[in-house]
Amino acid sequence: MNKKIIIKTLEKIALYLELQGENPFKVSAFRKAAAALEGDQRSLNEMEDITQIKGIGKGTAAVINELIETGESTQLKELEEKTPKGLVPLMKLPGLGGKKLAKLYQELGIDSVESLRAACLAKEVQKLAGFGAKTEEKILKELEHLGERSERHPIWQLEMIVIEINELLSNIKEVQKYSVAGSFRRVNETSKDLDFIVATDLREKVKERLLTDLAIQEVVADGDTKVSIVLDIDDPVNVDFRLVTLDEYATCLHHFTGSKDHNVKMRQLAKQQGKKISEYGVEQPDGTVQTFKSEEEFFAHFDLPFIPPTIRENGQELERLDEISQLVTLDDIVTDLHMHTTWSDGAHSIQEMGKALIERGYTHGVITDHSQFLKVANGLTPERLLRQRQEIYAFNDDHPQFRLYAGTEMDILPNGSLDFDNDVLKSLDFVIASIHSSFTQSQDKIMERLWTAIQNPYVHMIAHPTGRVIGERDGYNPDIPQLIKWASEYGKILELNANPYRLDLCVEHLKLAMEYNVPIAINTDAHAIDQLRFMDVGTKYAQKAWVKKELVVNTWSTEKFETFIRKNK
DNA sequence: GCCGTTTTCGGCCCGACTGTTTTCAGTCG
């Protein structure tokens with residue numbers, strides 16, 4: 001029995017219980033059990049007594065054991081029989097939860113999108129206690145848009161919106177402090193909406209500016225401390241603003257950064273000390289409310305180190321406090337090993353990129369333009385590569401405190417061969433091997449191609465190992481555990497491509513790479529200077545996999561890096 | 001349904017907003 005199926009089943013039971021209008025604590029007990037199972041690193045076989053796991057008791061253990069033994073769950077079956085399938089999609093309608101849907105089903109027999117719409121049109125819904133004309137209208141409106149709006153937005157879409165909103169907030173003089181919060185701040189691959197925390201003494205003024213200066217499709221909520229809007233763009237995004245005082249800012253930022261699980265764990269911790277955490281501060285045993293200047297101060301109040309937003313996920317972060325100081329941060333990064341210039345498909349020259357790296361405080365960098373196979377990207381022939389190398393080394397003559405290396409992002413061709421022969425590769429400082437073509441080949445064929453690159457002595461790194469684009473395509477489906485084993489064996493670097501379209505390797509794969517001590521390079525793959533900013537996203541994403549700085553090649557000194565790249569020459 | 005170094009019963013994180021009410025339930029994050 002697959003652990004994932006058990007987790008899914010527990011979550012399904014929770015959903016159906018919710019649709020029955022069941023006790024919310026019972027519902028969340030099933031969700032907690034699912035989360036507990038997911039958070040446990042062990043496989044099913046390694047668990048002796050599952051009720052030993054916190055959150056799994058008699059009831060949920062019975063479901064799990066039945067699944068293991070028979071592959072089915074009687075409880076889920078009964079729930080599925082009792083609850084019409086058509087109710088499930090209705091849970092997605094904003095404003096409708098389990099209780100209300102249960103009532104609609106029990107009183108009006110509503111069990112589908114169609115019957116709900118018909119009941120609203122017949123004005124039957126507003127007759128129910130707890131419902132009214134406004135609710136009915138709202139349901140009709142939401143039914144029209146059901147399935148139209150994306151449920152989750154990819155990080156690359158949100159990143160651009162966040163830059164714009166940050167720009168707006170920085171230009172409102174009544175705003176004292178602001179930050180994005182929520183799952184975007186935790187650097188999740190996708191988010192349902194965006195949250196911003198804004199410190200101000202003049203809420204009304206700030207609200208006015210937000211409501212006039214943003215392109216708004218709909219104002220969802222407009223309260224004292226919360227403004228919630230839908231942006232009027234191609235793929236509409238919901239944005240919430242929380243307006244608080246400067247005193248409340250730190251706890252509010254913490255609260256709305258989440259995750260929910262992290263907050264619950266923090267509140268339980270506070271409760272043990274007779275304290276109470278809310279978004280407005282920490283209520284002390286004597287009833288006074290303490291506020292903090294920063295999240296650092298807030299954590300220190302509970303004798304905790306600063307816990308980066310990226311790892312505030314499942315409560316595990318509170319048990320791995322010792323490891324936090326070893327995690328890679330942007331401050332540790334001294335180089336970028338993958339970027340393009342006007343020699344291939346980049347927007348800036350070698351001079352411009354080199355200077356931009358120096359401005360970022362880096363000690364070295366590698367120019368890695370595309371190779372000849374990639375004609376659409378103006379890939380370099382060996383002859384052009386030679387000329388480019390002269391220009392790179394000329395840059396070094398003018399900037400003795402910095403070191404720019406000559407590299408390539410070489411294609412691994414569809415037939416499994418490499419785009420340059422060994423003589424060319426040998427003459428370069430740093431060689432990246434990448435797949436940019438024939439994504440639909442079988443896994444065996446893809447692995448054959450990667451194998452060629454791995455066992456070539458002059459290849460240093462495999463870039464964006466899966467070729468995925470978040471929310472768009474899955475990539476070429478390599479056997480990543482195998483690739484990680486090869487990388488470990490042959491001393492190759494695997495990339496974490498920091499471009500928010502890619503974030504490749506993903507968290508799960510990075511964790512596995514850590515187990516095998518495979519060096520990771522976090523690279524922006526910048527095709528223009530402003531894309532060097534992706535290093536921030538990349539390092540934060542790496543934290544999500546608990547990537548330690550020693551294994552991140554970008555933290556190595558120029559000397560250590562040179563030793564590594566020259567070892568096979 | 002789960003949990004317990006005050007508890008085997010009575011809590012379960014806490015608060016905002018909306019729409020329905022006329023003090024509150026449901027939903028949401």
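By convention in this document, chain letters (A, B, ...) are assigned in the order of the sequence lines, proteins followed by strands, and residues within each chain are numbered from 1.
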Assess the side chains of [X] and [Y]: does a donor N or O sit below 3.5 Å from an acceptor N or O?
{"X": "A/Arg267", "Y": "A/His255", "result": "yes"}
{"X": "A/Asp49", "Y": "A/Thr51", "result": "yes"}
{"X": "A/His262", "Y": "A/Glu313", "result": "no"}
{"X": "A/Glu495", "Y": "A/Asn497", "result": "yes"}
{"X": "A/Thr83", "Y": "A/Gln20", "result": "yes"}

5'-most by nearest nucleotide on DNA chain B - A/Lys275 or A/Gly57: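 That would be A/Gly57.
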Closest-nucleotide 5' rank along DNA chain B - winner of A/Glu283 and A/Ser28: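 Nearest-nucleotide comparison on DNA chain B picks A/Ser28.
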Distance between [atom1] atoms of [N] and [M] (Å, rounded):
{"N": "B/dT20", "M": "B/dA25", "atom1": "C1'", "value": "9 Å"}
{"N": "B/dC3", "M": "B/dC13", "atom1": "C1'", "value": "16 Å"}
{"N": "B/dT6", "M": "B/dG11", "atom1": "C1'", "value": "14 Å"}

Sugar-phosphate, base or nothing in reach of A/Ala133, heavy atoms under 4.0 Å: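 A/Ala133: backbone/sugar contact only, no base atoms under 4.0 Å.
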Sugar-phosphate, base or nothing in reach of A/Leu17, heavy atoms under 4.0 Å: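 Here A/Leu17 touches no strand at all.
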Quick one: is [X] getting a side-chain N or O under 4.0 Å of the [N] phosphate, OP1 or OP2?
{"X": "A/Lys26", "N": "B/dC12", "result": "no"}
{"X": "A/Ser228", "N": "B/dC17", "result": "no"}
{"X": "A/Tyr280", "N": "B/dC14", "result": "no"}

The side chain of [X] lies closest to which of these nucleotides: [options]?
{"X": "A/Ser278", "options": "B/dC13, B/dG15, B/dG1", "value": "B/dG15"}
{"X": "A/Lys276", "options": "B/dG1, B/dT20, B/dG15", "value": "B/dG15"}
{"X": "A/Thr135", "options": "B/dT20, B/dG1, B/dG15", "value": "B/dT20"}

A/Glu297 (side chain) donor-acceptor with A/Lys293 (main chain) under 3.5 angstrom: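 A pair under 3.5 Å: yes.
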Pi-cation contact, A/Phe302 with A/Lys275 (under 6.0 Å, within 45°):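 Positive - A/Lys275 is close enough to the ring of A/Phe302 and near enough to its axis.
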Reading 5' to 3' through nucleotides 23-29 of chain B, protein heavy-atom contacts under 4.0 Å coded B for base, S for sugar-phosphate only, - for none: ---SSSB
